[in-house]
Each structure stands twice: as C-alpha cells, then as structure tokens.
Amino acid sequence: MNRHVSRTSLKAVLAGSAAALFLGVAAPHATADSGPAAPPAPSDASRNAAHDAAEAPKTLDTLSRFFAREGAVTKAAAEPRVAGDKAVPVYYLSPDFVAGKKDAPIARMQFLASKAVSSDGQEASLWAVRQGGSWQIVNIATGDDETHYARVGADKAPGGTVFLEPQINGWYVTKGTRVLPLDKDARRAVGAEGTTVVAYQKRVHKAYGDKLPGSAYGKSGKAGGFTEEPSGGAAAASGAKSDSGARTESASASSDGAMTVASTVAGAGALVALGLSGVALVRRRSRRLG
C-alpha cells in the first residue's frame with residue numbers, strides 16, 4: 001500500500017505551527033546519567049482538541065473522498081471513523097540535537113496525529129497543528145505509522161519518546177541514555193539492540209550536520225527545494241504530486257481553510273530543517289517495515 005504524502009513548501013505555516021505546538025509543558029532537565037531532556041509534551045486538552053478536529057463533519061467528509069479516491073469503496077459507503085479518544089504527539093529528529101547543541105532534546109514535536117479507518121479497512125493518519133487559535137487538520141496520509149509506532153514504542157520503553165528520523169524513515173524510541181529501533185530502517189541504522197544517545201548523535205551529525213539551516217547545502221536549494229510561500233500557495237497543494245508519483249487528497253474546497261493548507265507539516269519541517277530529500281521521504285514512507 002502506497003503512503004501518500006503531500007510536499008508543499010509552507011515554511012511560514014510550519015514556523016507558526018511549531019511555535020504553537022510547544023504548549024508550555026516544561027521538559028525536565030537532563031543529567032549526565034539520565035541522557036538528554038525529554039521534549040515538551042502537549043496537554044491533554046490539546047490532544048482532545050486535535051481529536052475533535054479529526055472527528056469534525058467536514059473532516060469526515062474529506063476522509064470519505066480520500067478513501068474513495070482509487071475506487072475501492074464509494075464515498076457514500078466509506079463511513080470513516082476516528083480511532084481512540086486522543087490524538088498522539090509525533091516527534092521528529094531535532095536539528096538542534098543534530099548540531100550538538102547543549103541540552104538539546106533528541107526530537108521535537110511536529111504535529112498531533114489521529115488514526116482513521118474506512119468501512120473496508122483502509123487506514124489513514126490525520127495530522128493536526130494549531131492555527132488561528134484552534135487545532136486544524138492540515139494533511140491526510142495513508143496508513144497509520146504515527147499511531148502504530150507510538151504504541152510499539154510505548155510497549156518497548158514505557159515513558160520514552162518515540163520519534164522519526166525522516167531521511168531513512170526510521171522510527172525509534174529513546175529513554176534515558178538509549179536509542180532503540182522500532183522498524184527495519186532504524187535497525188539497519190543502529191543495530192537490533194539500539195545504541196547510546198551519544199553514539200546516535202555522532203551518527204546523525206555526520207549524516208546531516210552539513211545540511212542544517214543556513215548551511216551552503218540548504219541555501220543551494222538542494223534541501224527539497226522548499227521556499228516560503230504566501231498562504232495563497234496552499235491552492236497549489238490541491239492534489240499536489242510528488243516526484244514519486246504519489247498524490248494526497250486535498251480539501252481545497254473547504255470554506256474556512258481548515259484543510260486547504262494540505263501541507264506535510266512534519267515532512268516539510270524535517271526537509272527544511274535537515275535538508276532531506278522530499279522524494280526519499282515520500283518513497284520510504286510507502287511501506288511499513290518492522
């Protein structure tokens with residue numbers, strides 16, 4: 001099953017969303033024995049609000065179109081439902097950690113995700129960010145990677161932080177001084193038993209340290225080609241096609257703009273921050289390994 005993800009260049013949206021995602025929950029201080037500080041976590045109120053946005057009638061209508069896009073089920077028969085009662089936070093590898101900044105958490109939150117299921121068993125992930133004072137759904141992606149690996153990581157290291165290294169689509173959980181793999185891509189990178197936070201930082205710094213914001217690589221436009229667009233640029237995201245040929249359902253017909261952003265907030269964030277290839281991100285997300 002292909003994982004469909006849009007690749008819109010919306011650094012302005014991303015910047016505003018990133019500021020809103022950190023909701024005043026202070027991360028604990030790191031110590032030499034405990035490893036880096038955990039990233040800030042969203043409040044229950046925010047998780048509930050993101051879940052409510054996923055269950056809104058306009059979102060369910062868009063989901064019906066999304067599930068019917070390839071003819072497997074009709075829009076009328078899709079009957080999408082949203083699983084669970086709270087959206088889950090989704091963390092991505094932090095560029096500050098890659099750069100080796102003192103006390104930087106290993107990951108930072110990019111968005112909140114909810115799992116949706118259709119009447120014929122199709123699955124999708126709804127990505128929400130806070131915009132204009134409320135939580136909005138900004139992207140729908142096939143599959144349930146975000147919620148799936150949140151569960152897998154919680155089982156493997158209760159209380160740890162599950163995060164994605166986007167370039168290799170590697171999912172990990174970190175707790176204390178250890179980084180543990182959750183899928184084949186991560187195991188290929190750090191081994192079946194995982195690695196230390198120190199060793200992991202050295203690996204990602206070697207891989208991405210010269211591709212951070214402000215680097216010659218980033219300024220050259222090789223970092224996925226993402227540039228800031230005005231809000232009107234969202235219209236271009238309607239049915240935006242990636243280089244891999246994948247398409248994402250867009251809700252550009254939405255009257256209030258809740259779905260017109262149609263941006264891969266996390267994907268764009270990782271690409272802009274880490275200089276990753278958008279093609280690699282889309283293609284590698286086309287399957288679950290692990």
Side-chain angles (χ1 to χ4, degrees), residues 4-27 39-66 80 82-92 94-95 107-116 124-141 146-147 150 213 224 226-240 248-273:
H4 296 171
V5 183
S6 61
R7 293 198 304 121
T8 308
S9 51
L10 294 174
K11 289 168 69 176
V13 172
L14 177 70
S17 301
L21 284 172
F22 294 95
L23 304 169
V25 181
S43 67
D44 283 345
S46 293
R47 293 179 62 191
N48 286 332
H51 179 81
D52 290 345
E55 287 191 320
K58 63 191 174 189
T59 306
L60 296 178
D61 181 71
T62 300
L63 273 170
S64 293
R65 290 191 282 117
F66 182 83
V82 179
D85 58 2
K86 286 185 176 72
V88 301
V90 181
Y91 299 89
Y92 273 43
S94 167
R108 63 184 184 185
M109 197 174 87
Q110 297 289 332
F111 59 96
L112 296 175
S114 299
K115 176 182 176 179
S125 182
L126 299 162
W127 300 3
V129 299
R130 190 173 176 85
Q131 295 177 347
S134 63
W135 285 89
Q136 308 283 343
I137 302 300
V138 296
N139 197 73
I140 303 174
E146 290 76 21
T147 52
F226 289 96
T227 57
E228 187 170 336
E229 288 183 356
S231 59
S238 179
T248 299
E249 175 71 12
S250 169
S252 59
S254 245
S255 61
D256 64 357
M259 299 280 296
T260 54
V261 177
S263 65
T264 305
V265 174
L271 294 166
V272 172

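One is the number of the first residue; the rest follow in order along the sequence. Note that these values count all heavy atoms, side chains included, but never hydrogens, waters or copies made by symmetry.
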Which heavy atom of [X] sits nearest a heavy atom of [Y], and at what distance?
X	Y	value
Pro42	Tyr91	CD-OH, 3.8 Å
Ala113	Val90	CB-CG2, 3.7 Å
Ile140	Ala124	CG2-CB, 3.9 Å
Lys86	Asn48	CG-OD1, 3.2 Å
Leu60	Glu55	CD1-O, 3.6 Å

Quiz item: Is the side chain of Arg47 donor-acceptor paired with the backbone N or O of Ala87 at a distance under 3.5 Å, no angle test?
Solution: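 Yes; at least one donor-acceptor contact below 3.5 Å.
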Practice problem: Mark yes or no for whether Asp61, through its side chain, and Pro57, through its backbone, hold a donor-acceptor pair below 3.5 Å. | Solution: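 Absent.
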Quiz prompt | Any residue meeting side-chain contact (heavy atoms from CB on, under 4.5 Å) with Ala53, in chain and number order, not counting sequence neighbours | solution =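 Result, side-chain contact (heavy atoms from CB on, under 4.5 Å) vs Ala53: Ile137.
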Self-check item: All side-chain contact (heavy atoms from CB on, under 4.5 Å) counterparts of Ser64, not counting sequence neighbours
Solution: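 Partners of Ser64 by the side-chain contact (heavy atoms from CB on, under 4.5 Å) criterion, ordered by chain and then number, come out as Lys75, Ala78, Pro80.
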Quiz item: Is there a side-chain contact between Trp127 and Gln110 (heavy atoms, below 4.5 Å)?
Solution: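 They are not in side-chain contact.
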Quiz item: Got Phe111 and Trp135 here, is their nearest side-chain heavy-atom distance under 4.5 Å?
Solution: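 The answer is no; the side chains never approach within 4.5 Å.
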Practice problem: Could you grab the distance from atom CG of Leu63 to atom CG of Leu126, nearest 0.5 Å is fine? | Solution: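 Here the interatomic distance stands at 5.0 Å.
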